[in-house]
S.K.: 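Before I ask anything, here is the structure I am working with.
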Amino acid sequence: MVSLLISLLDPVDIGRGEARRAAIQELLKSEYAKESLVDRVTRTVNQFLDDLLDQASVGVAGSVVARAILIAIVIAMIVAVVMIALRATRGGTARQTGIFGEHRRTASEHREAAERLAAEGRWAEAIRERLRAVARDLEDRVIVDSTPGRTAGELAAEAGRALPGLAAELTTAARVFDDVTYGEVPGTAEAYGTLRDLDERLRTARPTFGQDTKAVPS
C-alpha cells in the first residue's frame, strides 16, 4: 500500500495497464497471504484507485495536487472503515451478552466486585458491576422477571413500572451503564456514586403494581 501511495506522488502519468499491474504486484507480496481486516480494506482501496484511473474523467490524475487529493481520500476511507469495524465488533459482542455477560453472580458478589473496582479507580467497570447488582437483586426479589440477554434500558423500563417513584433514577442508571459500556464514555466517581445510592434505595423499596404512588421503603 505504501509503495502504491508513493507511486501516486510520482509526477509521471501512469496508464490503466501499468496501474493494474502495480496493484497486482503489491497484493502478491507475502504479507497479503493471510488477510486481516486492514489488508482487505487495503485491497479494496487499491481496486478503487485502479477503477478511478480507468475512467477518462480522471485525466488530471498525473498532477501532484490531484494525486494528493486521492491519497487523502484513501487514508480517510481506511481510517473510517477500520474504526467502524472495531467499534461494531466491540459493541456487538457486548450487546449480545446483555447486562450480566457470561458469568452468573449473586447480587452481593456484584456489589463486592463493584466496591473493589471503585477502590481501584476503575469507574467504568465498577458502574457495570453495580448495575448488575441492581438487576440481580430485582430479579431475586421477583420485582422484574429473570430475562437472559436483557439490556439496561429494558431493565429500567420494567423496574420503573413496578417502582414508579424510582423510574427516573433507573433510566439514568441505564443510560450511564450504556455510555460506559457501548459509548466509550469514561466512568467517574460521581456516576458510580449515583448507581450505588440507587442500589441502596432499591434494596428497601417495595413494588407498587397498579398504584400511582412512589416506592415505599419496606
Side-chain angles (χ1 to χ4, degrees), residues 37 80-218:
L37 173 63
V81 171
V82 171
M83 291 299 295
I84 292 172
L86 291 176
R87 178 170 295 184
T89 299
R90 290 196 299 267
T93 301
R95 289 180 186 278
Q96 289 172 4
T97 57
I99 294 174
F100 295 110
E102 299 176 354
H103 304 291
R104 183 176 181 85
R105 295 181 179 180
T106 66
S108 295
E109 288 172 338
H110 282 302
R111 289 189 184 101
E112 292 171 1
E115 289 295 290
R116 183 173 63 256
L117 291 164
E120 297 172 3
R122 297 160 64 181
W123 300 115
E125 296 169 84
I127 287 169
R128 285 192 285 269
E129 287 299 318
R130 201 74 194 201
L131 189 72
R132 288 164 183 160
V134 167
R136 188 66 72 202
D137 186 71
L138 292 172
E139 289 181 353
D140 291 344
R141 294 162 58 200
V142 201
I143 294 176
V144 300
D145 293 332
S146 180
T147 305
R150 188 205 314 271
T151 66
E154 291 168 345
L155 171 71
E158 185 176 351
R161 288 191 292 269
L163 303 167
L166 296 172
E169 289 93 330
L170 283 161
T171 298
T172 298
R175 185 179 302 114
V176 170
F177 178 91
D178 286 345
D179 284 346
V180 302
T181 304
Y182 312 123
E184 300 181 1
V185 175
T188 64
E190 180 181 4
Y192 176 71
T194 298
L195 265 73
R196 181 181 56 203
D197 293 344
L198 174 62
D199 185 19
E200 294 301 320
R201 295 179 63 192
L202 286 169
R203 293 173 71 181
T204 59
R206 295 197 307 268
T208 56
F209 295 106
Q211 302 177 34
D212 188 17
T213 58
K214 293 183 177 294
V216 180
S218 59

S.K.: Taking all atoms of both residues into account, what is the closest heavy-atom pair of W123 and A189, and its distance?
M.R.: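 Taking W123 first and A189 second, the nearest heavy atoms are CZ2-CB, 3.5 Å.
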
S.K.: Of all the heavy-atom pairs spanning R161 and P164, show the shortest one and how long it is.
M.R.: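 Closest approach of R161 to P164, heavy atoms only: O-CD, 3.9 Å.
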
S.K.: Determine whether E115 and Y192 satisfy the following criterion, side chain to side chain donor-acceptor pair (under 3.5 Å), listing intermediate values before the conclusion.
M.R.: CA-CA 10 Å; E115 289 295 290; Y192 176 71; 2.4 Å; yes

S.K.: So, does E109 use its side chain to make a donor-acceptor pair with the main chain of T106 at under 3.5 Å?
M.R.: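 Present.
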
S.K.: Got a donor-acceptor contact below 3.5 angstrom from the T181 side chain to the D178 backbone?
M.R.: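 It does not hold such a pair.
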
S.K.: Evaluate salt bridge (Lys or Arg N to Asp or Glu O under 4.0 Å) for E200 paired with R203, printing each intermediate quantity in order.
M.R.: CA-CA 5 Å; E200 294 301 320; R203 293 173 71 181; 3.4 Å; yes

S.K.: What is the distance from atom OG1 of T172 to atom CG of L195, rounded to the nearest 0.5 Å?
M.R.: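 Interatomic distance, T172 OG1 to L195 CG, rounded to 0.5 Å: 9.5 Å.
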
S.K.: Would you name the heavy atoms of G153 and A174 that are closest together and state the gap between them?
M.R.: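 So the two residues come closest at N-CB, 4.0 Å.
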
S.K.: Could you tell me whether the side chain of R136 and the main chain of R105 form a donor-acceptor pair under 3.5 Å?
M.R.: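 It does hold such a pair.
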
S.K.: L202 versus L198: any side-chain heavy-atom pair under 4.5 Å?
M.R.: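 Yes. Closest side-chain heavy atoms under 4.5 Å.
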
S.K.: Between A205 and L166, which heavy-atom pair has the shortest distance, and what is it?
M.R.: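 Heavy atoms of A205 and L166 come nearest at CB-CD1, 4.1 Å.
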
S.K.: Hey, what do you get for CD1 (I127) to CG (L131), rounding to the nearest 0.5 Å?
M.R.: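 These two atoms lie 9.5 Å from each other.
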
S.K.: When you check the gap from the basic side-chain N to the acidic O, do R111 and D199 get nearer than 4.0 Å?
M.R.: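 Yes.
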
S.K.: Which atom names give the shortest non-hydrogen contact between A113 and E129, and what distance separates them?
M.R.: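 In this case the closest contact between A113 and E129 is CB-OE1, 3.8 Å.
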
S.K.: Counting only N and O atoms by type, is there a donor-acceptor contact under 3.5 Å from the side chain of R128 to the main-chain atoms of V180?
M.R.: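 Flag set: sc R128 to bb V180 pair under 3.5 Å.
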
S.K.: I'd like to know if D137 pairs up with R141 as an ion pair, taking the criterion as any Lys NZ or Arg NE/NH1/NH2 lying under 4.0 Å from an Asp or Glu carboxylate oxygen.
M.R.: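 Salt bridge between D137 and R141, a charged N being under 4.0 Å from a carboxylate O: yes.
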
S.K.: So, taking the atom named CZ in F177 and the one named CZ in R132, what distance separates them when rounded to the nearest 0.5 Å?
M.R.: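 Here the rounded value is 5.0 Å.
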
S.K.: Which distance, rounded to the nearest 0.5 Å, do you find between the CD of E158 and the OG1 of T147?
M.R.: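 If I round to the nearest 0.5 Å, the distance is 5.5 Å.
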
S.K.: Take a 6.0 Å sphere around CD of E190 and say whether it holds more than 12 heavy atoms from other residues, nucleotides or ligands.
M.R.: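 No - once you tally the heavy atoms of other residues, nucleotides and ligands closer than 6.0 Å, there are 12 at most.
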
S.K.: Applying salt bridge (Lys or Arg N to Asp or Glu O under 4.0 Å), can you list everything that pairs with R196, at least two apart in sequence or on another chain?
M.R.: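 Applying salt bridge (Lys or Arg N to Asp or Glu O under 4.0 Å) to R196 gives none.
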
S.K.: If you round to the nearest 0.5 Å, how far is CG of L170 from CZ of R201?
M.R.: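 Rounded to the nearest 0.5 Å, the CZ-CG separation comes out at 9.5 Å.
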
S.K.: Quick check: closest heavy atoms across L138 and A159, and the distance to 0.1 Å?
M.R.: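 In terms of heavy atoms, the two residues are closest at CD1-CB, 3.8 Å.
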
S.K.: Mind checking the OH-OG1 spacing from Y182 to T151? Nearest 0.5 Å is all I need.
M.R.: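 So the OH of Y182 and the OG1 of T151 are separated by 7.5 Å.
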
